[in-house]
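Working notes, beginning with the structure itself.
Only this structure's heavy atoms are used, side chains among them; waters, hydrogens and symmetry mates stay out. Keep in mind it's a predicted model, so treat the numbers as computed, not measured.
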Amino acid sequence: CTSVVAEDSKGSLFHARNLDFGLFMGWDVKNKTWIVTEKLRPLVVNVDFRRNNQTVFKSTNFAGYVGMLTGIRPHVFTLTMNERFSLDGGYIGILEWILGQRDGMWMSFLTRSVLENATSYEEAKKLLSQTKLLAPAYFILGGNQTGQGCVITRSRTLSLDIWELDHSLGRWYVLETNYDHWKEPLFVDDRRTPAMKCMNQTTQANISPKTLYDVLSTKPVLNKLTTYTTLMDVSTGLLEAYLRDCPDPCSPW
Amino acid sequence: HLAPPFTEECRTGMYPPKGPTFKGAVTWYTVDLNLPPSKRWAAVISDKKAELVAMIQVIRDLANAFVPSGKLIDIVDKDLPLLVDTLPYPFNEEIRGIAAVSGVPLGEVVLFNIFYEVFTV
């Protein structure tokens with residue numbers, strides 16, 4: 001996955017993501033595609049969650065999956081989640097759950113709860129950084145005011161790091177793939193460097209949902225695992241999603 | 001340049017989406033949070049039932065490829081439904097509703113919903 005929160009020169013915040021899933025879950029030799037990825041694409045839906053006939057939040061989802069990976073609470077905050085791999089992974093959390101230790105939260109249920117219940121960027125940040133989880137994760141959160149954007153790196157129990165937009169450092173965007181931002185990505189899976197190169201080339205003055213789509217369309221940020229691209233603008237409440245394909249030549253991940 | 005990861009020059013002018021990297025727009029649905037959880041996803045699942053069944057079948061095939069005796073899917077079908085009772089409300093009821101509307105065994109819908117936790121290693 002690749003998620004990015006960016007602030008333009010006027011202080012508007014945009015959030016976009018590529019959802020990549022299906023690595024090592026069956027390779028179709030004939031079509032050179034990942035089998036599960038191909039089957040997930042037709043399940044992608046946009047959902048408008050309403051209460052009392054009013055939108056509470058919107059999301060891009062897989063039909064049949066009740067948790068959230070990508071969503072917006074219009075005018076309040078935007079949220080995406082990227083997978084974080086660890087030996088202390090979710091299978092340990094599941095085992096603990098089965099054995100009766102149920103003080104942790106399932107990742108996608110937490111993101112859904114935050115989208116449904118949190119009423120501010122700060123509240124969302126607190127819940128995402130402090131709630132005990134069953135699995136490690138990266139939460140990418142954008143707010144509705146200048147400087148409100150961060151990547152929360154989570155272990156199952158701790159918030160390891162909160163990496164925020166910072167004007168004083170010239171940090172007008174935060175971009176997360178599937179590696180801790182303070183470490184080098186795996187050299188055969190470096191989507192971060194090309195994505196950041198394209199962000200820097202775009203410049204803060206020209207960043208918008210349209211140019212974020214350009215960044216997320218550049219291979220290998222776009223790759224054979226990419227099922228959809230979502231673009232969000234917190235101030236207007238915009239959420240747009242597009243199914244993606246990556247014809248050869250294209251990185252398998 | 002062709003070795004993985006294949007890297008190209010930064011794209012421009014890709015929006016509005018078109019061309020070979022664009023596979024289609026995403027359909028909108030409404031989920032009414034005032035409805036009982038078991039009813040909320042009925043419209044979505046009614047429309048996407050065939051696609052959900054196809055995706056679950058791929059997971060079954062993968063599981064059977066790893067454990068050809070079929071015992072892994074037996075465990076999913078027999079034991080994972082027990083897990084749904086321990087999941088927090090309203091997610092447990094929503095998952096039950098999805099299984100009922102789609103006809104997919106409850107354990108397999110549970111597996112799909114805990115995929116993230118399973119695959120973070």
Should A/V36 and B/L62 count as side-chain neighbours, where that means a heavy-atom distance under 4.5 Å? yes
So, the part of B/L33 with a heavy atom under 4.5 Å from chain A: the answer is both
Counting heavy-atom pairs under 4.5 Å with chain A, which one of B/I45, B/I98, B/V104, B/T30 comes out on top? B/T30
Is any side-chain heavy atom of A/V215 closer than 4.5 Å to one of B/C10? no
Taking atom NZ of A/K39 and atom CD1 of B/I56, what is their separation to the nearest 0.5 Å? 12.5 Å
Among A/P136, A/C246, A/G93, the residue with the most heavy-atom pairs under 4.5 Å to chain B is A/P136
Counting heavy-atom pairs under 4.5 angstrom with chain A, the leader among B/L35, B/L52, B/V109 is B/L52
OG1 on B/T12 to CG on A/N206, rounded to 0.5 Å: 11.5 Å
Per-residue tally against chain A (heavy atom, under 4.5 Å) across B/I114, B/V44, B/L83 peaks at B/I114
Chain B: which of A/K210, A/E38, A/Q201, A/E116 shares the most heavy-atom pairs with it under 4.5 Å? A/K210
May I ask you to name which of A/S113, A/P194, A/G64, A/C198 has the most heavy-atom pairs under 4.5 Å with chain B? A/G64
How far does CH2 of A/W106 sit from CG of B/N113, to the nearest 0.5 angstrom? 10.0 Å
Top residue by heavy-atom pair count (under 4.5 Å) with chain B, among A/I94, A/L134, A/N53, A/L222? A/I94
Partner chain B: residue of A/G26, A/A195, A/G67, A/A241 with the largest heavy-atom pair count (under 4.5 Å): A/A241
Among B/S102, B/G13, B/G97, residue most engaged with chain A (heavy-atom pairs, under 4.5 Å): B/G13
Options A/I35, A/L43, A/T60, ranked by heavy-atom pairs under 4.5 Å with chain B, top entry: A/L43
Check the orientation of A/F49 and B/W41. Use parallel for under 30°, tilted for 30 to 60°, and perpendicular for over 60°. perpendicular
So CZ of B/F91 and CZ of A/R112: to nearest 0.5 Å the spacing works out to 5.0 Å
dist B/E9:CD -> A/T218:OG1 (nearest 0.5 Å) comes out at 9.5 Å
Are any of the side-chain heavy atoms of B/P16 and A/Y242 separated by less than 4.5 Å? no
